[in-house]
Amino acid sequence: MKKLLLALLCLMTFTITNAQSNKDIANVYIKRAQESLGNLEIELSLTHFDKAMKYMDTITSSKVAKLGTFIHYELRNFAEAKDLAKQYFLLERNKKTEEYAQLIELYVNINEELEAKLAEEKRLEEERLKKEKELRKIDSLKTVWTAKSNELTIKVDSIYNFNKNNLALYTKGENFGVIDDRGKIIVEATEYKDAISSEGFILLKNRKSEPNKIYCFNTNDKQGFLIPNVSDFNSLSTHYGHVMLPRGNGRLVLYPNNSYEPMVFDLNVKKIVRVANEKELFKSLKGNDIIDKYNKDGEIKINKEWYEFGGHVGGGIYPLYFEKNYQVNSFLCSVDGNVLKSSSGYQYVGAFYNNKLQVIKNGKTIWVNQNGTKVSNAKDEYADYIGDSKVVKLDNGAYQIMRNGVIVAGDEELEKMVEFLRKNSN
């Protein structure tokens, strides 16, 4: 029993001593807080005051409550200042002092400041929520725009220049197709491995060399059709051979295999063109001393050589063949009797238009007039595009077509993202 009483006595002594020690330490920090406040070192004053609070279970002095009120008010900590002011009113017994009246007036100011602060915080929060909502809406609109933009993206490998009729070649994989300047696919790129675009006509070939299927698209009337099967022209031919450039008058010259005559085709009327009256032509050529002789087998004689007559490519130029040799031997220029020989490099002659003919000489294209004299290159009157569309290549390799700042694809349109967001975010 004596031991228990002794233990309790020791505990009480320790508690009283420790409490007294904490109070003394708190008073030191309170004094420092007062001095710092007097020196207008408000932040330092709060530091001392907070340290003092660590050594106090509760505030028991109105002077301490007043000190804390002033410190927090100066630092615009209005909620803390209000709580400490309330503490002051509870602890201060004399309600008639000037100090008490001063605290009442300060309390009113604290309430007004606190209300204003809370109102501002509420306004800022509402503004934050509004802005957050706007950002969410903008993000949603961006998602909508991106999805629509993807729909209007043309997923091809390349788009060539548009011609005067607003059409161009495009490629996808190894195939060629036709597209217009609004991004509408006119001919799908699924079959044709090579293409020629010239003077208003687009030719799609199933093979780069020796094609046996050619699709023509007339960009003037926007109609497409297959060139007649080469066997319809010559039963021995299996492919079209060398294909010359289509010309502005619609004439196309091809050089099928196993044939003593080029195939001349009119792309406008979709018909094979042949000399109407060979006998009358021969008679005229002989009468003008362009040929020496001719016979009923369709052969003509020039400078002691007999040739298989190969029809008329245009401009008064006639291909000539040797018997049992399907390679063109020479081209007769009937305007003056000049002969363009294969031994001199002349391989193929195309259709006549605007006083010029395309010639393949030693594997390269040149242009000549009716007597075979080399002239300047023919100008493609359809080459210059005059529309408003611009082809834009995207980072992912696909394409979009822009027209007056708007993405177009067929009948659909989409503004740029900035304009889309501006128009739809209100």
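Throughout, numbering of the chain's residues begins at 1 and tracks the sequence. These numbers come from the heavy atoms of this one structure, side chains and all, not from hydrogens, waters or symmetry mates.
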Please answer whether the main-chain N or O of [Y] pairs with a side-chain N or O of [X] as donor and acceptor at a distance below 3.5 Å.
X    : Y    : result
N338 : C333 : no
D266 : V269 : yes
T69  : A65  : yes
E261 : G310 : no
S158 : Y170 : no
Q400 : S149 : yes
D232 : P228 : no
N249 : F352 : yes

What I want to find out is whether [X] reaches [Y] closely enough, with some N-O distance under 4.0 Å, to be called a salt bridge.
X    : Y    : value
D384 : K379 : yes
D180 : K222 : no
R136 : E132 : yes
R123 : E120 : yes
E412 : R182 : no
D194 : R207 : no
K213 : E191 : yes
R128 : E125 : yes
E188 : K172 : no

Go through the side-chain N and O atoms of [X] and [Y] and say whether any donor and acceptor fall under 3.5 Å apart.
X    : Y    : value
Y107 : E112 : no
N354 : E381 : yes
D297 : N295 : no
T238 : N258 : no
N212 : H239 : no
S259 : S237 : no
N206 : K193 : no
S376 : K356 : yes

Inset, instruction - Any chance you could lay out the side chain to side chain contact (heavy atoms under 4.5 Å, CB included) test for I272 and M263, step after step, and finish with the verdict? - result: CA-CA 7 Å; I272 294 171; M263 176 178 172; 3.9 Å; yes
Inset, instruction - Could you check whether the rings of Y307 and F322 sit parallel, tilted or perpendicular, using 30° and 60° as the cut-offs? - result: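 Ring orientation, 0 to 90° scale: parallel.
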Inset, instruction - Measure up the F265 and F225 rings against each other and bin them: parallel (under 30°), tilted (30 to 60°), perpendicular (over 60°). - result: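 Tilted: the ring planes of F265 and F225 meet at 30° to 60°.
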Legend entry - CA sep, side-chain torsions, deciding dist, call: R403, E413, salt bridge (Lys or Arg N to Asp or Glu O under 4.0 Å): CA-CA 9 Å; R403 175 173 285 188; E413 296 184 347; over 6 Å; no
Measuring centre to centre across the rings, with the benzene-like ring taken for any Trp, is [X] within less than 6.0 Å of [Y]?
X    : Y    : answer
Y192 : F176 : no
F309 : Y318 : yes
Y100 : F89  : yes

Let me confirm one number: the [atom1]-[atom2] distance from [X] to [Y], rounded to the nearest 0.5 Å.
X    : Y    : atom1 : atom2 : answer
I202 : Y215 : CD1   : OH    : 10.0 Å
F282 : N277 : CZ    : CG    : 10.0 Å
N163 : F201 : CG    : CZ    : 11.0 Å
N150 : W145 : CG    : CH2   : 8.5 Å

For a 4.5 angstrom cut-off between non-hydrogen side-chain atoms, does [X] reach [Y]?
X    : Y    : answer
Q327 : Q347 : no
I59  : L91  : yes
E99  : K66  : yes
K148 : F420 : no
M53  : I30  : yes
L67  : L37  : yes
K416 : M402 : yes
S334 : I317 : no

Legend entry - Trace of the ring pair (Phe, Tyr, Trp, His ring centres under 6.0 Å) decision for Y326 with Y260: CA-CA 6 Å; Y326 293 121; Y260 291 116; 4.7 Å; yes
Legend entry - K164 to Y382 six-membered ring, cation-pi geometry met (6.0 Å, 45°):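 Yes, K164 sits over the ring of Y382.
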Inset, instruction - Run the numbers on K283 and E280 for salt bridge (Lys or Arg N to Asp or Glu O under 4.0 Å), then give the verdict. - result: CA-CA 5 Å; K283 187 183 296 185; E280 287 300 318; 3.8 Å; yes
Inset, instruction - Report the C-alpha separation of I401 and D181 in whole Å, then their side-chain angles, then the decisive distance to 0.1 Å, and conclude whether the side chain to side chain contact (heavy atoms under 4.5 Å, CB included) test is met. - result: CA-CA 7 Å; I401 293 179; D181 67 345; 5.6 Å; no
Inset, instruction - Run the numbers on V243 and L252 for side chain to side chain contact (heavy atoms under 4.5 Å, CB included), then give the verdict. - result: CA-CA 8 Å; V243 181; L252 171 67; 4.1 Å; yes
Inset, instruction - Might you work through the side chain to side chain contact (heavy atoms under 4.5 Å, CB included) test for I227 and Y240, ending with a clear yes or no? - result: CA-CA 10 Å; I227 303 294; Y240 295 102; 4.0 Å; yes
Inset, instruction - Step by step, work out the salt bridge (Lys or Arg N to Asp or Glu O under 4.0 Å) result for K304 and D292. - result: CA-CA 8 Å; K304 301 179 181 180; D292 299 326; over 6 Å; no
Inset, instruction - Show your reasoning for whether salt bridge (Lys or Arg N to Asp or Glu O under 4.0 Å) applies to E134 and K137. - result: CA-CA 5 Å; E134 288 174 354; K137 184 175 182 180; over 6 Å; no
